[in-house]
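Please read the structure below before turning to the comments.
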Protein chains: 2
Amino acid sequence: MPGYKIGELAERTRTNAPTIRYYEEIGLLPRPERQEGNQRRYAEDDVRRLTFIRRCRAFGFSIDQVRALVELVQDRTRSCAEARDLAHTHLMDVRAKLRELKALEKSIAGFVATCDAQCAGGPGSECVILDELATIEPAGNRACCESAV
Amino acid sequence: MPGYKIGELAERTRTNAPTIRYYEEIGLLPRPERQEGNQRRYAEDDVRRLTFIRRCRAFGFSIDQVRALVELVQDRTRSCAEARDLAHTHLMDVRAKLRELKALEKSIAGFVATCDAQCAGGPGSECVILDELATIEPAGNRACCESAV
DNA sequence: TTACGAGTTCAAGTAACTTGAGGTTCAAGA
DNA sequence: TCTTGAACCTCAAGTTACTTGAACTCGTAA
C-alpha cells in the first residue's frame with residue numbers, strides 16, 4: 001500500500017489524527033485518496049502542506065491567516081511580498097502581546113514578593129494583596145495594579 | 001432606587017453587561033436583588049467582587065483559578081499562603097509563555113528580514129521562507145524554524 | 001480465527017465570552 | 001399624561017480551534 005495512513009501522517013507532523021480530519025473538514029487540507037476499506041491515504045505533498053500549516057500555527061497565525069498563506073503559496077499570480085506583509089503585521093501583534101506579558105510578569109512577581117514580605121499567612125480575607133485586587137481605584141502607583149485591566 | 005443597575009456596574013468595572021450576566025450564570029457572581037420590574041440591582045460589595053474578578057482575569061488567571069481565589073477570600077479558615085502559591089504557579093506559566101513568545105518574535109522578525117533580503121517579490125511559490133516553512137526537517141540551524149513546533 | 005489496535009463517522013463538549021432575536025421597563029421630554 | 005428611545009430582560013446560538021465520546025469497521029499479527 002503506497003502513501004501514509006492518517007496515523008503515520010499524524011506522527012510525521014506531530015498532529016493528532018482528529019485534528020487532521022478537522023483540517024480536512026474546514027478545507028485547510030484537500031480530501032485525500034481513500035483505499036478500499038475507506039481509509040485515508042496521504043502523499044508526500046500532504047506531509048509538506050501539513051508541516052507548513054502546523055508550523056504557521058505554532059507561529060501563532062490564526063487559521064484564517066494560515067489559509068491565506070496556503071492560498072498564497074498555491075497561487076502563482078500572487079507575490080511573496082504579500083506573505084512578508086502578513087508576517088510583518090503578525091510580528092507587530094506578537095510584540096504587543098510580548099509587552100503586555102512582560103508587564104504581567106512583573107506584576108505577578110510583585111504580588112508574590114509582597115505576599116512573602118507582608119502577609120502573615122493568615123486568612124485570605126486579610127491578605128493585603130487580595131485586598132488590593134478588590135480595590136476599585138488602584139491606590140498610588142503600586143506595580144501590582146498598574147498593568148491590570 | 002438604591003444600588004447600581006447592571007449598566008452602571010458594567011461601567012464602573014469596565015465589563016460588558018452580558019459578561020456580568022454570564023458570571024452570574026456560572027456562579028462567579030451571586031444573584032443580585034431584583035427591583036420591581038425584575039431588573040438587577042447591585043451593591044457596593046458587588047463592585048468590589050467584580051473588580052477583583054476582572055483584575056484576576058486581566059492577570060491571566062483562568063475562570064477556575066479566579067473561582068478558587070474568590071472562595072479563598074471568602075473562607076476565613078483558609079490561608080493567604082494558598083493565594084500566594086496559586087499566584088506563584090501562575091507566574092511560572094507566564095514566564096514559560098514569555099520565553100516562547102520571545103523565541104517566536106525572533107523567528108518572525110527573521111522571517112521578515114530574510115524575505116526583505118532574499119526574495120525578489122516574485123510568486124509565493126518561489127519564496128524561500130514559505131518554502132522553508134513547508135520543509136519537513138528544518139535544514140541547519142536557521143532561527144526561523146528553531147522555535148516553531 | 002481471534003484479538004486488538006487503528007481507522008471510520010457524527011455529535012457534542014471545551015473556554016470565555018459575544019451576538020442576535022424578540023420582548024419589557026424606565027426615565028425624560030412634549 | 002403620553003410617547004419615545006435607551007436600557008433592561010431571557011433564551012438560544014455563534015465564536016475559535018480543536019478535543020472527546022460513542023458506536024462501529026478494518027487490518028494485521030499470533
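Chain naming here is simple, since letters A, B, ... match the order of the sequence lines and numbering starts at 1 in each.
If you measure from atom CZ of A/Arg41 to atom P of C/dG7, you get 9 Å, rounded to the nearest angstrom. Between A/Ile20 atom CD1 and C/dA6 atom P the separation is 14 Å, expressed in whole Å. For the pair B/Tyr22 OH and D/dT15 P, the computed distance is 17 Å after rounding to whole Å. One can place CD1 of B/Ile26 at 10 Å from P of C/dA15, the figure rounded to the nearest angstrom. Whole-Å rounding puts the B/Phe61 CZ to C/dC17 C1' distance at 20 Å. Rounded to an integer number of Å, the gap from B/Asn16 CG to C/dT18 P is 5 Å. Between A/Glu24 atom CD and C/dG7 atom C1' there is a gap of 13 Å when expressed in whole angstrom units. If you measure from atom CD of A/Glu36 to atom P of C/dT8, you get 15 Å, rounded to the nearest angstrom.
In terms of phosphate contacts, A/Asn38 brings no side-chain nitrogen or oxygen within less than 4.0 Å of OP1 or OP2 of C/dG7. At D/dT10, one or more side-chain N or O atoms of B/Arg34 fall inside 4.0 Å of OP1 or OP2 (strictly under the cut-off). Taking 4.0 angstrom as the limit, A/Arg21 places none of its side-chain polar atoms (N or O) nearer than this to OP1 or OP2 of D/dT19. Contact annotation: B/Tyr23 reaches the phosphate of C/dC17 (side-chain N/O to OP1 or OP2, under 4.0 Å). At C/dT25, none of the side-chain N or O atoms of B/Gln35 fall inside 4.0 Å of OP1 or OP2 (strictly under the cut-off). The phosphate of C/dC17 has OP1 or OP2 within less than 4.0 Å of a side-chain N or O from B/Arg54. The phosphate of D/dT25 has neither OP1 nor OP2 within less than 4.0 Å of any side-chain N or O from A/Gln39.
Looking at which nucleotide of DNA chain C each of B/Ser62 and B/Gly37 is closest to, the 5′-most match is held by B/Ser62.
Side-chain contact annotation: A/Tyr4 with A/Glu44, donor-acceptor N/O pair under 3.5 Å present.
Under a 4.0 Å N-O distance rule, the pair B/Arg40/B/Glu24 qualifies as a salt bridge.
Across all strands, B/Ile6 comes closer than 4.0 Å only to sugar-phosphate atoms, never to a base (heavy-atom distances). As judged by a 4.0 angstrom heavy-atom cut-off over every strand, A/Arg40 is placed among residues touching the sugar-phosphate backbone only.
Candidate nucleotides C/dT18, C/dA16, D/dT20 were compared by shortest atom distance to the side chain of B/Thr19, and C/dT18 ranks first.
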Do B/Arg12 and B/Thr51 pass the side chain to side chain contact (heavy atoms under 4.5 Å, CB included) test, and can you show the C-alpha distance, the side-chain angles, and the key distance before you say yes or no? CA-CA 9 Å; B/Arg12 266 164 195 267; B/Thr51 300; over 6 Å; no

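Between the B/Arg49 side chain and the B/Leu28 main chain, a donor and an acceptor come within less than 3.5 Å of each other.
For the pair B/Arg41/B/Ile6, no side-chain contact is recorded, criterion being any heavy-atom separation below 4.5 Å from C-beta on.
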